[in-house]
Amino acid sequence: MSRPLNPWKLSGYKAGQNVVCRVVIAEPGGYAVTIEKDNPKDNLPGFLPTPVPLKVGEQILAQFVCVHNNRILLSARFSSSGVSKPVQSIRWEEHLAELDGTQGGLTQPGTNANYEAQARSGEQRALIAGPQQFEEEAAFRVWAQQAPSRKFGLKRAVDMILPPIHAESMNTFKIADYDLEWLITDLEGGMRTCSVKAMSEEVPSRSAMLLYRGRAVGCAYTSLKSPEPPATEQSLQMMLSDLTLPETRVSIYDLPESLTLAMSAIFMGYPVKRTDDYEARPYFDYICEWLESKGQTACLIVSLPATNSNCFAYIYKGQFAGAFYVADQMFTQDKNFVYRLLRNDAQANVEASILPPELTSSAVRFGFSISMARNKKPEI
């Protein structure tokens, strides 16, 4: 069991704050690190997700996200080339104060000017609710800005979101029969965990959002103008824009929280970079065993070149929760189904995307606010 963190050592850290950390050891998806302090005895343990190869002992500039269960979650800082920025011989600690509050579009709470800047960027509700909620919102923002978008080569990106487990739970209507305000109130106020799919013939476009307790934790949007789905937040804004068109057709259906969180790892998780030479089945078993030992939530993406198809295996708190075969839009809780797919395709490949447990803790307001996203104009 990890040693409890001294809360006094954590005082002063805010989401988005730049910190210097030292690489300790590689882990799936990133590196165990320590946040460097003047006194080495005060160094704090953390985890830095990054696909960039780092060396043990190397110093890295990162951003503080949050702390939960004695682990500090960090977000990698990136240079213009997209490579994680080593500290090298620069004494970053001398420059952290001037860097803090200027990176990633986030300012630090504490001054009226900073609060006004956040309000202008659409964080009014967090400000009104107080500093604690502000920090929870800011922590998610820091994380969401580094979450990579993935490409799966699907004909329709919305197909990656699980269909209803029970067909009778689906409610389908035209937005003109209600309105967008009613929809947002129902989703947010009801703290719905569900999928919302939309189709607009006017644009034309298809879109789907995944919600966890009333907040968007994934979104896919495609149209004739945008055949490749943008990043989650931009997809969400574009989907909400289409939902203002009266003829847009909408389908809503509830989903289990376990599957929703595992699915959200596709959009909000960190990909595990593979450096092994395992074939698909041994790697699938290895990563499942590791996730079980850590109690982690993840989505395993199984690519099947022989049939040009994909299967998503959902892991919730270390346990297999089901699999979704995209081509047939079929969900099963039979793990042997995945094994048969792997056995029948010699070129099958398995990748993992892990959702940090910190994101669903009280330290973070996980997901995008739909009402705030609606007030932002999508970047086209």
Side-chain angles (χ1 to χ4, degrees), residues 28-30 49-51 75 140 143-165 193-197 206-213 215-222 228-236 238-239 253 255-274 283-284 287-288 291 296-304 309-327 329-332 338 341 348-360 364 366-368:
T50 177
S75 173
F140 175 73
W143 177 262
Q145 286 170 1
Q146 66 84 48
S149 57
R150 305 180 65 100
K151 295 182 180 180
F152 297 100
L154 301 175
K155 291 182 179 179
R156 299 191 305 187
V158 298
D159 287 346
M160 74 173 68
I161 293 185
L162 194 66
I165 304 297
T193 296
C194 63
S195 171
V196 181
K197 292 189 176 182
R206 291 179 181 269
S207 52
M209 76 170 85
L210 187 65
L211 287 97
Y212 174 72
R213 299 183 181 179
R215 292 173 68 88
V217 295
C219 190
Y221 178 96
T222 56
E228 287 292 335
T232 297
E233 186 176 21
Q234 187 179 352
S235 290
L236 177 61
M238 297 171 80
M239 179 177 182
Y253 50 91
L255 290 170
E257 288 195 354
S258 57
L259 295 177
T260 299
L261 289 176
M263 256 188 293
S264 75
I266 300 173
F267 303 93
M268 294 295 153
Y270 55 86
V272 176
K273 183 179 181 181
R274 291 189 55 176
Y283 181 76
F284 185 87
I287 197 66
C288 282
L291 291 167
Q296 295 274 28
T297 295
C299 182
L300 307 184
I301 300 98
V302 179
S303 302
L304 303 160
S309 57
N310 294 275
C311 179
F312 299 125
Y314 305 125
I315 311 296
Y316 177 66
K317 293 185 177 180
Q319 301 301 309
F320 178 81
F324 174 45
Y325 187 60
V326 179
Q329 292 286 285
M330 184 189 77
F331 174 75
T332 178
V338 182
L341 292 176
N349 184 58
V350 179
E351 298 178 54
S353 189
I354 302 175
L355 185 71
E358 290 81 2
L359 293 189
T360 53
V364 177
F366 182 41
F368 295 100

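Numbers here are sequence positions counted from 1. Atom set for the values below is all heavy atoms of this structure, side chains included, hydrogens, waters and symmetry mates excluded.
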J.: Rounded to the nearest 0.5 Å, how far apart are CG of L255 and OG1 of T193?
T.: 8.5 Å

J.: If the test is side chain to side chain contact (heavy atoms under 4.5 Å, CB included), which one of I354, L291, V272 qualifies with L300?
T.: L291

J.: Between S235 and P230 (side chain of the first, backbone of the second, donor and acceptor by atom type, cut-off under 3.5 Å), is there such a pair?
T.: yes

J.: Who passes ring-ring contact (aromatic ring centres under 6.0 Å, His included) against F331, sequence neighbours left out?
T.: none

J.: Between the side chain of S353 and the main-chain N/O of A265, is any donor-acceptor distance below 3.5 Å?
T.: yes

J.: Grab the two heavy atoms, one from D159 and one from V326, that are nearest each other, plus how far apart they are.
T.: O-CG1, 3.9 Å

J.: Is there side-chain contact between Q296 and P357, with heavy atoms separated by less than 4.5 Å?
T.: yes

J.: Out of V364, T297, L261, which residue meets the side chain to side chain contact (heavy atoms under 4.5 Å, CB included) rule with L359?
T.: V364

J.: Do you know the tightest heavy-atom contact between P28 and Y270?
T.: O-CE1, 3.8 Å

J.: Which atom names give the shortest non-hydrogen contact between V158 and A220, and what distance separates them?
T.: CG1-O, 3.8 Å

J.: Would you compute the distance between atom OG of S195 and atom OH of Y253 and round it to the nearest 0.5 angstrom?
T.: 3.5 Å

J.: With sequence neighbours excluded, tell me which residues meet side-chain hydrogen bond (donor to acceptor under 3.5 Å, both in side chains) with T260.
T.: none

J.: Who passes salt bridge (Lys or Arg N to Asp or Glu O under 4.0 Å) against E358, sequence neighbours left out?
T.: R71

J.: To the nearest 0.5 angstrom, please state how far the SG atom of C219 sits from the CZ atom of F368.
T.: 9.5 Å

J.: Please find the pair of heavy atoms, one from L304 and one from Y325, that lie closest to each other, and give the distance.
T.: CD1-CE1, 4.0 Å

J.: If you measure from CG on L210 to CZ on R215, what distance do you get to the nearest 0.5 Å?
T.: 13.5 Å

J.: Taking the side chain as every heavy atom from C-beta outward, state whether Y221 and P229 have any atom pair closer than 4.5 Å.
T.: no

J.: Do any pairs count as a salt bridge (Lys or Arg N to Asp or Glu O under 4.0 Å) and have a residue in residues 255-270, sequence neighbours left out, and if so which ones?
T.: R213-E257

J.: Return the set of residues passing salt bridge (Lys or Arg N to Asp or Glu O under 4.0 Å) with R206 (not counting sequence neighbours), or none when no residue passes.
T.: none

J.: For residues V217 and F267, report the shortest heavy-atom separation together with the two atoms involved.
T.: O-CB, 3.7 Å

J.: Roughly how far, to the nearest 0.5 Å, is CG of L236 from CG of L211?
T.: 8.5 Å

J.: Looking at side-chain heavy atoms only, is the closest gap between C288 and I315 below 4.5 Å?
T.: yes

J.: In sequence, state the C-alpha distance, the side-chain angles, and the governing distance for M160 and F312, and then conclude on side chain to side chain contact (heavy atoms under 4.5 Å, CB included).
T.: CA-CA 8 Å; M160 74 173 68; F312 299 125; 3.7 Å; yes

J.: Find the distance between NZ (K197) and CD1 (I161) and round it off to the nearest 0.5 Å.
T.: 6.5 Å

J.: Looking at every heavy atom in both V350 and V302, which two are closest together, and how far apart are they?
T.: CG2-CG2, 4.3 Å

J.: Check whether W143 reaches the backbone of M268 with its side chain - one donor and one acceptor, N or O, closer than 3.5 Å.
T.: yes

J.: Considering only residues two or more places apart or on different chains, which pairs with a residue in residues 258-271 satisfy salt bridge (Lys or Arg N to Asp or Glu O under 4.0 Å)?
T.: none

